[in-house]
There are 2 protein chains.
Amino acid sequence: MLHDPTQLDLMFQALADPARRQMVNRLSRGPASVSQLAEPLAMSLSAVVQHLNLLEASGLVRTQKVGRVRTCQIEPKALRAAEHWINERRLSWERRLDRLGDFLAETKDET
Amino acid sequence: MLHDPTQLDLMFQALADPARRQMVNRLSRGPASVSQLAEPLAMSLSAVVQHLNLLEASGLVRTQKVGRVRTCQIEPKALRAAEHWINERRLSWERRLDRLGDFLAETKDET
DNA sequence: GCAATAGTTAAGTGAATGCTTCAGTGTTGC
DNA sequence: GCAACACTGAAGCATTCACTTAACTATTGC
């Protein structure tokens with residue numbers, strides 16, 4: 001379920017927007033309320049809530065409401081899943097290049 | 001320039017689409033032509049080319065045309081940039097949690 | 001109780017996305 | 001030369017996105 005393709009969709013889609021990345025960036029330095037997240041962003045609070053809902057749906061951010069303030073924090077597990085997807089593809093490519101290099105070196109020896 | 005925000009936008013946006021991720025996935029196993037990339041996808045060749053152009057604009061994929069076939073391959077540097085962005089935020093969060101843990105452990109000692 | 005605070009929800013709008021089809025262009029094999 | 005091949009580009013279209021405003025709900029402080 002960490003590799004559910006629709007979940008990956010949601011995560012990468014969430015990270016594709018600069019405002020949402022800024023929110024994730026802010027949250028990487030510690031939890032924050034909705035208003036705190038909104039503060040540096042040049043848009044309405046309503047827009048921020050919509051971004052936040054997307055981030056939560058993607059699993060990247062977890063929130064909990066106490067009284068009237070909703071506190072948000074990063075879900076590192078989800079970040080790790082996205083990271084992992086990229087990493088596997090990159091490694092697969094790089095291993096292939098290594099094998100190719102070895103092959104070329106070997107065939108060179110044989111001349 | 002590896003951390004150009006608009007470049008990150010393009011990369012994460014490129015990765016947000018399942019068809020494009022499938023293309024990256026295919027390319028992680030080795031170079032491919034446009035038709036080869038298109039083959040497993042349930043869409044027109046034209047649509048695939050459009051996806052491919054996006055992937056190229058994002059820097060994730062590099063292509064070169066020899067004769068009438070365009071050969072595509074992954075650009076691992078770009079993948080690494082995306083990976084790095086996520087990794088830094090996750091680590092920042094996890095380090096924060098560690099410090100918090102240490103603090104709680106220390107204050108517990110003091111009782 | 002009541003005003004201020006913190007967030008939520010719904011409706012609407014213009015721009016961007018993900019396709020399609022169709023009509024090209026340049027390349028290759030015979 | 002010419003047919004098949006491997007794309008490429010433009011136009012069009014439905015859907016989704018990123019906002020906005022405005023009206024609303026639930027807490028808190030006094």
Side-chain angles (χ1 to χ4, degrees), chain A residues 4-27 30-74 82, chain B residues 4-27 30-74 82:
Chain A
D4 181 10
T6 67
Q7 197 65 14
L8 275 174
D9 268 15
L10 292 175
M11 281 192 298
F12 282 119
Q13 227 161 82
L15 291 174
D17 187 272
R20 286 192 294 264
R21 273 207 312 284
Q22 204 177 327
M23 291 166 75
V24 169
N25 195 43
R26 166 64 188 80
L27 290 176
S33 69
V34 177
S35 324
Q36 285 175 325
L37 281 181
E39 196 256 327
L41 298 171
M43 65 180 73
S44 72
L45 185 63
S46 188
V48 173
V49 170
Q50 288 170 57
H51 280 305
L52 182 57
N53 289 340
L54 238 163
L55 282 170
E56 195 166 20
S58 77
L60 287 168
V61 165
R62 205 150 31 94
T63 77
Q64 61 202 44
K65 198 155 184 174
V66 177
R68 64 184 165 181
V69 4
R70 179 157 125 183
T71 305
C72 314
Q73 48 180 259
I74 276 189
Chain B
D4 181 9
T6 67
Q7 196 67 13
L8 277 174
D9 267 16
L10 291 174
M11 283 193 296
F12 282 120
Q13 227 161 80
L15 291 174
D17 187 272
R20 286 192 293 265
R21 273 207 312 284
Q22 204 178 327
M23 292 166 74
V24 169
N25 195 44
R26 165 64 188 80
L27 290 176
S33 70
V34 177
S35 323
Q36 284 175 327
L37 280 181
E39 196 258 326
L41 298 171
M43 65 180 72
S44 73
L45 186 63
S46 190
V48 172
V49 171
Q50 288 171 57
H51 281 304
L52 181 56
N53 289 341
L54 236 162
L55 282 170
E56 195 165 19
S58 78
L60 286 168
V61 165
R62 205 151 31 93
T63 77
Q64 61 202 44
K65 198 154 185 174
V66 177
R68 64 184 167 183
V69 4
R70 180 157 126 184
T71 306
C72 314
Q73 49 180 260
I74 276 189

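The analysis underlying the following values was restricted to heavy atoms, covering all of them including side chains, and did not include hydrogens, waters or symmetry mates. In the text below, chain A, chain B and the rest are named by the order of the sequence lines, each starting its count at 1. A quick note: this is a predicted structure, and the numbers were derived from the prediction, not measured.
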Dump the intermediate steps for side chain to side chain contact (heavy atoms under 4.5 Å, CB included) on A/L27 and A/L60, then the final yes or no.
CA-CA 10 Å; A/L27 290 176; A/L60 287 168; over 6 Å; no
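- Here the side chain of A/S46 is nearest to one of D/dC19, D/dT8, D/dT20, namely D/dT20.
- Listed for the B/Q7 side chain is a donor-acceptor partner under 3.5 Å among the backbone atoms of B/S58.
- You'll find that the side chain of A/V49 is closest to C/dT9, out of C/dT9, C/dC19, D/dT8.
- Looking at B/V49, B/T63, B/V69 one by one, the single match for side-chain contact (heavy atoms from CB on, under 4.5 Å) with B/V34 turns out to be B/V49.
- Between the side chain of B/R62 and the backbone N or O of B/Q73 there is no donor-acceptor pair closer than 3.5 Å.
- When distances run from any side-chain atom of B/D17 to the nucleotides D/dC19, C/dT21, C/dC19, the shortest one goes to C/dC19.
- The CG atom of B/L52 sits 14 Å away from the P atom of C/dC19 (whole-angstrom rounding).
- Across all strands, B/S33 comes closer than 4.0 Å only to sugar-phosphate atoms, never to a base (heavy-atom distances).
- Side-chain proximity of A/R68 to the nucleotides D/dT8, D/dC5, C/dT5 is greatest for C/dT5.
- Of the side-chain N and O atoms in A/R20, one or more sit less than 4.0 angstrom from OP1 or OP2 of D/dA18.
- Between B/H51 and the phosphate of C/dC19, there is a side-chain N or O to OP1/OP2 separation shorter than 4.0 Å.
- If you take CZ of B/F12 and C1' of C/dT17, they are 19 Å apart, rounded to a whole angstrom.
- Out of C/dA6, D/dA18, C/dC19, the shortest distance to the side chain of B/M43 is found at C/dC19.
- Within 4.0 Å of B/S35, counting heavy atoms only, lie sugar-phosphate atoms of the nucleic acid but no base atom.
- At whole-Å resolution of the value, CD in B/Q64 and P in D/dA6 are 18 Å apart.
- For the pair A/R70 CZ and C/dT9 C1', the computed distance is 12 Å after rounding to whole Å.
- Straight-line distance from the CG atom of B/L54 to the C1' atom of C/dC19: 13 Å, rounded to whole Å.
- If you take CG of B/N53 and P of D/dC7, they are 12 Å apart, rounded to a whole angstrom.
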Pair A/E56, A/R70 - check salt bridge (Lys or Arg N to Asp or Glu O under 4.0 Å), show working.
CA-CA 12 Å; A/E56 195 166 20; A/R70 179 157 125 183; 3.7 Å; yes
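- Rounded to a whole Å, the CG atom of B/L55 is 14 Å from the C1' atom of C/dT17.
- Under 4.0 angstrom from either OP1 or OP2 of C/dT8 there lies at least one side-chain N or O belonging to A/K65.
- With rounding to whole Å, A/L45 atom CG is found 14 Å from D/dT25 atom C1'.
- For B/V34, counting side-chain heavy atoms from C-beta on, the closest listed nucleotide (C/dT9, D/dT8, C/dT21) is D/dT8.
- Looking at which nucleotide of DNA chain D each of B/Q50 and B/Q36 is closest to, the 5′-most match is held by B/Q36.
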